[in-house]
Amino acid sequence: MIDPEGPVPLYQQLAAILRERIERGDLVPNRPIPSVARLQQEYGLARGTILHTVRVLVEEDLIYVVPGKGAFVKER
């Protein structure tokens, strides 16, 4: 759950949620993570916040982006 009033930045909160979903196996390797629009709808966050989250997860080597296709979970 996202806490908009909490001390942790929103992008870090969303990154933690997606990281957990990947570790739990809800998001599986070589399959896309939910789209930006879907994440906006689900968590009520701005597009920029979600894109920041995606960049963080790419830097952590958890996901990769295919231009025009989306972001996908990396094989471990």
Side-chain angles (χ1 to χ4, degrees):
M1 185 61 93
I2 299 290
D3 179 6
E5 302 300 320
V8 178
L10 298 175
Y11 77 92
Q12 288 180 354
Q13 292 182 53
L14 180 58
I17 290 168
L18 293 176
R19 200 177 296 112
E20 181 180 321
R21 289 174 67 183
I22 291 168
E23 290 170 2
R24 218 177 30 228
D26 296 340
L27 299 172
V28 297
N30 300 313
R31 301 294 300 173
I33 66 170
S35 69
V36 171
R38 176 71 182 248
L39 292 170
Q40 282 181 290
Q41 181 181 18
E42 189 172 343
Y43 296 103
L45 298 174
R47 177 179 174 81
T49 301
I50 293 166
L51 293 176
H52 192 168
T53 300
V54 168
R55 284 192 303 273
V56 166
L57 294 177
V58 166
E59 289 171 5
E60 291 178 5
D61 209 29
L62 290 175
I63 65 173
Y64 62 96
V65 175
V66 178
K69 299 283 185 186
F72 297 80
V73 177
K74 276 193 128 177
E75 223 23 94
R76 290 186 177 242

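Note that these values count all heavy atoms, side chains included, but never hydrogens, waters or copies made by symmetry.
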Side chains of R38 and P32 in contact at under 4.5 Å (non-hydrogen atoms): no

Gap between atom CD of E20 and atom CG of L27 - 0.5 Å precision: 10.5 Å

Closest heavy-atom pair and its distance - A71, I63: CB-CD1, 4.1 Å

Close side-chain approach of E75 and N30, heavy atoms under 4.5 Å: yes

R24 atom CZ: more than 12 heavy-atom contacts under 6.0 Å: yes

Smallest separation among heavy atoms of P34 and L39, with atom names: O-CD1, 3.6 Å

Residue pairs passing the ring-ring contact (aromatic ring centres under 6.0 Å, His included) test where at least one lies in residues 23-48, sequence neighbours excluded: none

Co-membership, hydrophobic cluster, residues I50 and I17, 4.5 Å side-chain: yes

E60 atom CD: more than 12 heavy-atom contacts under 6.0 Å: yes

Contact summary for I2 and L14, nearest pair of heavy atoms: CD1-N, 3.8 Å

Verify same cluster id: L62, V28 (apolar side-chain graph, 4.5 Å): no

Cluster link V56 to L18, ILVMFWY, side chain under 4.5 Å: no

L57 reachable from L51 in the ILVMFWY side-chain graph, under 4.5 Å edges: yes

Nearest non-hydrogen partners of I22 and R76, listed with the distance: CG2-NH2, 3.7 Å

Over all atoms of both residues, closest heavy-atom pair of V8 and Q13: O-NE2, 2.7 Å

Single-linkage hydrophobic cluster, 4.5 Å side-chain cutoff, Y11 and V36 together: no

